[in-house]
Amino acid sequence: MYFSILQAPRCKIHTLSSAWWDTLQSFGWGSGKGSGVRLLSCNSYGVETGPARRWSRTVTSETEGRNKTSSSKQSSIRQKILDGSVTTSTKFNASKAEIGQAQNIQHWNVQQTIAEKKVLASLVTIIVFDIETTGFSRVNERIIEIALQDLHGGKNSTFQTLVNPGRHVPNHHVHGITTHMVSRPDVPRMEDLIPILLAYVRSRQKPGGNVVFVAHNGRTFDVPFLINEFSRCSIEIPSDWLFVDTLALARELRKSEGSKAPKLSVKGLREHFGIQLIDSAHRAMSNVHSLSLILQRLTFDLRIPVSGLVERSFSASDLINSKKKS
DNA sequence: GGCCCTCTTTAGGGCCTT
């Protein structure tokens with residue numbers, strides 16, 4: 001069976017990811033298990049360096065708590081993180097003593113917020129993923145390649161495999177994946193792959209925590225494809241899987257940057273952030289490389305902590321239910 | 001197909017994904 005967990009790229013990937021995770025931890029967002037790896041390895045990917053300048057930021061109190069009405073099981077971690085946020089922007093109109101007391105409370109609230117976010121964010125596993133398919137139709141086409149990268153890094157932080165769709169691959173001119181390549185006996189079919197994929201994700205998941213999968217245009221492309229493939233195999237997508245769409249984050253950045261706004265495609269964002277392309281632009285792992293770096297830059301520029309990603313996430317059942325309603 | 005924007009909302013076009 002052709003089934004690879006890339007060795008050489010994995011090393012590069014996980015050092016980058018660890019650096020990002022370390023950065024989050026320094027903001028009080030990470031898990032507290034720092035690897036000590038710095039952004040040095042960004043150079044090998046052509047990303048401008050200067051971590052002290054680019055990645056330094058003071059922690060400020062935030063007012064959160066939007067979208068608290070979700071009642072689905074899949075939103076449990078989203079609820080935990082959102083409920084853990086504490087408002088610290090209260091205006092005081094009182095004596096010095098009262099102000100001092102209030103400031104102490106405010107200071108305590110900030111510390112509490114940071115501590116709670118640190119604990120809650122430590123329960124989240126962030127996995128960037130991408131798929132290649134036989135076409136655009138979520139109903140009629142099939143996945144032929146899937147790649148994942150756990151941004152926490154470490155051993156086996158990446159996962160990649162071709163998938164046998166059991167049909168002709170008409171669009172090999174797009175990604176270079178031919179019918180012959182996916183028809184080899186060592187390439188798994190989706191029904192064989194899903195149990196392996198589930199086991200891999202479980203191996204990356206923190207006890208009691210959720211997984212946040214990140215993809216570009218995931219809401220309307222990657223996630224519906226996954227839902228349909230799982231459905232064909234009569235397997236449910238785990239209830240603790242959440243999804244984040246970087247296209248939505250890019251739209252947020254476009255709003256905030258005005259005339260300097262980037263194009264919204266992966267290529268446009270890569271060019272905007274000065275991220276060098278690794279390998280083919282239309283292979284899943286190459287796109288995962290790019291998207292991991294794009295996610296880092298988007299979350300940095302938009303000042304989005306892990307809880308902010310969870311707040312923007314959606315579940316598979318969210319998509320299924322919205323489709324039923326429509 | 002879904003989202004966003006606008007020359008809009010009783011609509012239509014552009015963008016994003018392979």
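These numbers come from the heavy atoms of this one structure, side chains and all, not from hydrogens, waters or symmetry mates. Chain naming here is simple, since letters A, B, ... match the order of the sequence lines and numbering starts at 1 in each.
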Report task. Would you classify A/Ile144 as touching base, sugar-phosphate or nothing, given that sugar-phosphate means primed atoms plus P, OP1 and OP2, and contacts are heavy atoms under 4.0 Å? Result ->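 No contact.
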Report task. With heavy atoms under 4.0 Å as the rule, sort A/Asp130 into base, sugar-phosphate or nothing. Result ->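 Sugar-phosphate contact only.
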Requested in this report: Kindly determine whether A/Phe213 and A/Leu148 satisfy side chain to side chain contact (heavy atoms under 4.5 Å, CB included), including the steps that lead there.
Outcome: CA-CA 9 Å; A/Phe213 289 88; A/Leu148 298 82; 3.9 Å; yes
Could you tell me the separation between the [atom1] atom of [X] and the [atom2] atom of [N], rounded to a whole number of Å?
X	N	atom1	atom2	result
A/Glu145	B/dT18	CD	P	11 Å
A/Arg283	B/dT17	CZ	C1'	17 Å
A/Leu249	B/dC4	CG	C1'	15 Å
A/Phe314	B/dG2	CZ	C1'	11 Å
A/Phe243	B/dG2	CZ	P	17 Å

**Report entry** Value rounded to 0.5 Å, distance of OG in A/Ser265 from NE2 in A/His272
**Finding:**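 Separation between the atoms: 12.0 Å.
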Query raised in the report: Hey, is the side chain of A/Asn171 pairing donor to acceptor with the base of B/dT18 inside 3.5 Å?
Result: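 Check passes, donor-acceptor contact within cut-off.
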Query raised in the report: At their closest point, which heavy atom of A/Pro188 faces which heavy atom of A/Asp192, and how far apart are they?
Result: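 A/Pro188 and A/Asp192 have their closest heavy atoms at CB-CB, 4.2 Å.
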Query - Short side-chain N/O contact to B/dG1 OP1/OP2 from A/Arg219, under 4.0 Å - result: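 For A/Arg219, the contact criterion (side-chain N or O under 4.0 Å from OP1 or OP2 of B/dG1) is not met.
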Query raised in the report: Do A/Arg219 and A/Phe314 meet the cation-pi criteria used here (NZ or CZ under 6.0 Å from the six-membered ring centre, within 45° of the axis)?
Result: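 Ring-cation test returns yes.
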Requested in this report: Take A/Glu132 and A/Arg283 through the salt bridge (Lys or Arg N to Asp or Glu O under 4.0 Å) test and state the conclusion after the steps.
Outcome: CA-CA 7 Å; A/Glu132 300 301 322; A/Arg283 289 301 294 267; over 6 Å; no
Query raised in the report: Nearest nucleotide by nearest heavy atom, which residue falls closer to the 5' end of DNA chain B, A/Ala248 or A/Phe221?
Result: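 The answer here is A/Ala248.
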Query raised in the report: Does A/Glu271 have any salt bridge (Lys or Arg N to Asp or Glu O under 4.0 Å) partners at least two apart in sequence or in another chain, and if so, which?
Result: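 Here no residue qualifies.
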Below 3.5 Å between N/O atoms, which protein atoms pair up with nucleotides 13-16 of chain B? Just atom names and distances, please.
{"from": "B/dC16", "atom 1": "OP1", "to": "A/Leu264", "atom 2": "N", "distance (Å)": "3.0"}
{"from": "B/dC16", "atom 1": "OP1", "to": "A/Ser265", "atom 2": "N", "distance (Å)": "3.0"}
{"from": "B/dC16", "atom 1": "O2", "to": "A/Asn217", "atom 2": "ND2", "distance (Å)": "2.9"}

